[in-house]
Engineer: 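Starting off with a structure, shown below.
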Amino acid sequence: MNSQMNPAQKADIVLSGNFVFSGLGEKPKKATVAIKGNKIFAVGSEKEIVPLIGKKTKTYNFDNELIMAGFNDFHIHLTLGSLYEHYPDLSSATSEEEAVDLLKQHYDKSDNKKTQWILGFRWYHLFWKKTELPHRLSLDKVFPDQPVCLLNADAHGAWLNSKGLEVLGINRETPDPPFGKIIRDENGEPTGVLDETALGLAKRAFEIPYEQRVLVFQSFLKMAAKYGVTSVGDMFPVPGFDMGDLEIYEQFEKKGELSVRIDFLSTLTGEFDYVKNLRDKYCSEKLNFSGLKQFLDGVPATYTAYLLGPYNDNPNTIGGTLMPPEIVKEWITNADKEGFRIRLHACGDGAIRLALDSYEAAQKNNGIRDSRHTIEHVETVSANDLDRFAELRVIASMQPEHIALFETFEENTYPSRLGPLREPYWPIKTLMSRKANLAFGSDFPIVNLNPMYGIYRAVTRVHNDGEPNGGWHSAEIISMAEALRLYTLGGAYGNFKESKLGTIEVGKLADIVVLDKNLFEVDPSEILSTKVNLTIMDGKVVYEKAPNSKSAIEECIYE
């Protein structure tokens, strides 16, 4: 038995199972895990753990379930995603008119006050029959008097009505912000669409009442517990402004109700006084300032990802950077000198090279340290840059569910946008073989928070229609053990917490999840239907599905 404590000290919780995946090997094994306080203090056989069981010990026995470390989602937008869950979802619309109709149907049933903004999320013109940007006038017909702001599916654009533009003071005289764009018609009038950092002009639209903020956050905590997510990397910034709620996070922590660990980031701006204060103030095991984030480019689907050469289906553009490369390198070098870790959104191979060049410049100027600088998304990488991740010790933060962001493989725009010369896309296995450090996340709410989606995609690389047969770039498929480690230990390492989280080992914090299936033995088609039976965070049960319940009654517990 591996133990840190005297057997006379009884465990608070004991978990026994036939399949315990510690994260240290390639397969789960039969084992028993004892928890005392908020830590794992013994791992061994059932016989070895028996002396640690007292009258007050809560015991669990599992047969075919999988016991493993809690999921660490390295990349989410917590507040933004929580709002998505509470306001109209427009993703099912196939046209501009249908999106407006869905919005109207929702607000006809709501008690929204006339003084409040009308919000909605997840519209995407690329999924419409006519792939054209929408216009404020279609919203004006239904909502002439209330301000409307609708964030699109990739969170890089917003669609407003005329009242919304008026409230925000956006008109033909309003200049485009740096690295952003107010879309205008042929007469120079705003159409109602804001692109990239122009989203910052709409920041006020997302300032919701305090009581609603509390409800929104509570809803997120319940969702995270239900999915076995015990730690998240909260990527505050969307293009143009930070979108997080430190006041609410802090209050929940003080009340002992923060049931997910939050490592959050603020925007890299070149100024450091404010973020130094954040670093000094937020440094607990549950609420921690993690570093700075910035956007280098957009996304391939809208030709805004920055490429090294022309787009395959649009040779007149290579996309572009959201800020001049010399400013990027200057800000990163200065931030690195101040001891900050940096995470850069970079989808295109040009943006990824710029990120690597910037991190390399920082090392040359400031010296090499354990910075764990990170590149987010890493969708297409030049062959010449693959080895640089390991050489520069840069983490590749990847979201496998993005592989199937389009419902069917036939609808996927990447093969036409990026072309065969940039394959393979999302080179997960290749980067691992080059000794790079990787971490998995969801990019919630762009995709579902449920880790099963990302795991399924990483081990199959097929779309929801099962295509392509054998997997898209099948050489990039990884094993179940590798996928689970990248969704647990990968994020822990990314947040400098590999000694505390990410595996089931004595002395580590007791963040543990029990799945209702052993993922190592099920057919891949069953991964998506896998549920969580039990979630333990910091030694406390925060979610438990009622045993032997045909209706699968679910209860979230906050102690």
Engineer: Give me each pair satisfying salt bridge (Lys or Arg N to Asp or Glu O under 4.0 Å) with a member in residues 514-524, each pair once, sequence neighbours excluded.
Structural biologist: Asp516-Lys545

Engineer: Any salt bridge (Lys or Arg N to Asp or Glu O under 4.0 Å) involving residues 342-358? Give me the pairs, sequence neighbours left out, ordered by first then second residue.
Structural biologist: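 Every pair satisfying salt bridge (Lys or Arg N to Asp or Glu O under 4.0 Å) with a residue in residues 342-358: Arg343-Glu376, Asp349-Arg422, Arg353-Asp385, Asp357-Arg388.
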
Engineer: So that I know where these two stand, are Phe520 and Phe19 an aromatic pair - ring centroids less than 6.0 Å apart?
Structural biologist: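 No - the distance between ring centres of Phe520 and Phe19 does not fall below the 6.0 Å cut-off.
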
Engineer: Apply side-chain contact (heavy atoms from CB on, under 4.5 Å) to Glu247 and list each qualifying residue two or more places apart in sequence or on a separate chain.
Structural biologist: Tyr210, Arg213, Asp245, Gln251

Engineer: Do NZ/NE/NH1/NH2 and the carboxylate oxygens of Asp370 and Arg393 come within less than 4.0 Å?
Structural biologist: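 No, this pair does not count.
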
Engineer: Indicate every side-chain donor-acceptor pair of residues 488-499 with a distance under 3.5 Å to a residue at least two apart or in another chain.
Structural biologist:
| unit_1 | atom_1 | unit_2 | atom_2 | d |
| --- | --- | --- | --- | --- |
| Thr488 | OG1 | Leu484 | O | 2.6 |
| Thr488 | OG1 | Arg485 | O | 3.3 |
| Tyr493 | OH | Asn437 | ND2 | 3.4 |
| Asn495 | OD1 | Ser290 | OG | 3.2 |
| Lys497 | NZ | Asp263 | OD1 | 3.1 |
| Lys497 | NZ | Asp263 | OD2 | 3.1 |
| Glu498 | OE1 | Arg372 | NH1 | 2.9 |
| Glu498 | OE2 | Arg372 | NH1 | 3.4 |
| Glu498 | OE2 | Arg372 | NH2 | 3.1 |

Engineer: Looking at Arg341, Lys364, Arg369, which hits salt bridge (Lys or Arg N to Asp or Glu O under 4.0 Å) with Asp336?
Structural biologist: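 With Asp336 as partner, Arg341, Lys364, Arg369 yield a single salt bridge (Lys or Arg N to Asp or Glu O under 4.0 Å), made by Arg369.
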
Engineer: What pairs of donor and acceptor atoms, side-chain ones from residues 449-456 against any protein atom, are under 3.5 angstrom apart with sequence neighbours left out?
Structural biologist:
| unit_1 | atom_1 | unit_2 | atom_2 | d |
| --- | --- | --- | --- | --- |
| Asn450 | OD1 | Met452 | N | 3.0 |

Engineer: Once side-chain contact (heavy atoms from CB on, under 4.5 Å) is applied, do any residues pair with Lys500, and if so which ones, sequence neighbours excluded?
Structural biologist: Glu285, Leu509

Engineer: Hey, is Asp538 close enough to Lys39 for a salt bridge, meaning N to O under 4.0 Å?
Structural biologist: no

Engineer: Would you kindly say whether Asn64 and Asn518 are connected by a side-chain donor-acceptor distance under 3.5 Å?
Structural biologist: no

Engineer: Between Lys329 and Glu326, is there a salt bridge with N-O shorter than 4.0 Å?
Structural biologist: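 Not counted as a salt bridge, because no side-chain N and carboxylate O are separated by less than 4.0 Å.
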
Engineer: Go through the structure and list residues passing side-chain contact (heavy atoms from CB on, under 4.5 Å) with Pro178, not counting sequence neighbours.
Structural biologist: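 Testing Pro178 for side-chain contact (heavy atoms from CB on, under 4.5 Å), a comparison that skips the adjacent residues, returns none.
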
Engineer: Could you pull out the closest heavy-atom pair between Thr267 and Gln294, with the gap in Å?
Structural biologist: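 The pair with the smallest heavy-atom distance is CG2-NE2, 3.6 Å.
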
Engineer: Mind checking ring-ring contact (aromatic ring centres under 6.0 Å, His included) for Phe440 and listing every partner two or more places apart, or none if nothing turns up?
Structural biologist: none

Engineer: Between Thr530 and Leu528, is any pair of side-chain heavy atoms under 4.5 Å apart?
Structural biologist: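 A side-chain contact under 4.5 Å is absent here.
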
Engineer: Can you name the residues that form a ring-ring contact (aromatic ring centres under 6.0 Å, His included) with Phe264, not counting sequence neighbours?
Structural biologist: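 For Phe264 the ring-ring contact (aromatic ring centres under 6.0 Å, His included) partners, ignoring immediate neighbours, are Phe236, Tyr282, Phe289.
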
Engineer: Among pairs that include at least one residue of residues 433-450, which meet salt bridge (Lys or Arg N to Asp or Glu O under 4.0 Å), considering only residues two or more places apart or in two chains?
Structural biologist: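 For residues 433-450, and leaving out neighbouring residues, the salt bridge (Lys or Arg N to Asp or Glu O under 4.0 Å) pairs sorted by first residue read Asp387-Arg434.
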
Engineer: Taking only residues two or more places apart in sequence, or in another chain, which ones meet Lys429 in a side-chain contact (heavy atoms from CB on, under 4.5 Å)?
Structural biologist: Glu476, Ile478, Glu482

Engineer: Tell me every residue that passes salt bridge (charged side-chain N to carboxylate O under 4.0 Å, His left out) with Glu401, counting only those two or more places apart in sequence or in another chain.
Structural biologist: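 Only Arg457 meet the salt bridge (charged side-chain N to carboxylate O under 4.0 Å, His left out) criterion with Glu401.
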
Engineer: Is there a side-chain contact between Ile375 and Leu356 in this structure, where contact means two heavy atoms from C-beta onward sitting under 4.5 Å apart?
Structural biologist: yes

Engineer: Suppose we call two aromatic rings close when their centres sit under 6.0 Å apart. Are Tyr425 and His473 close by that rule?
Structural biologist: yes

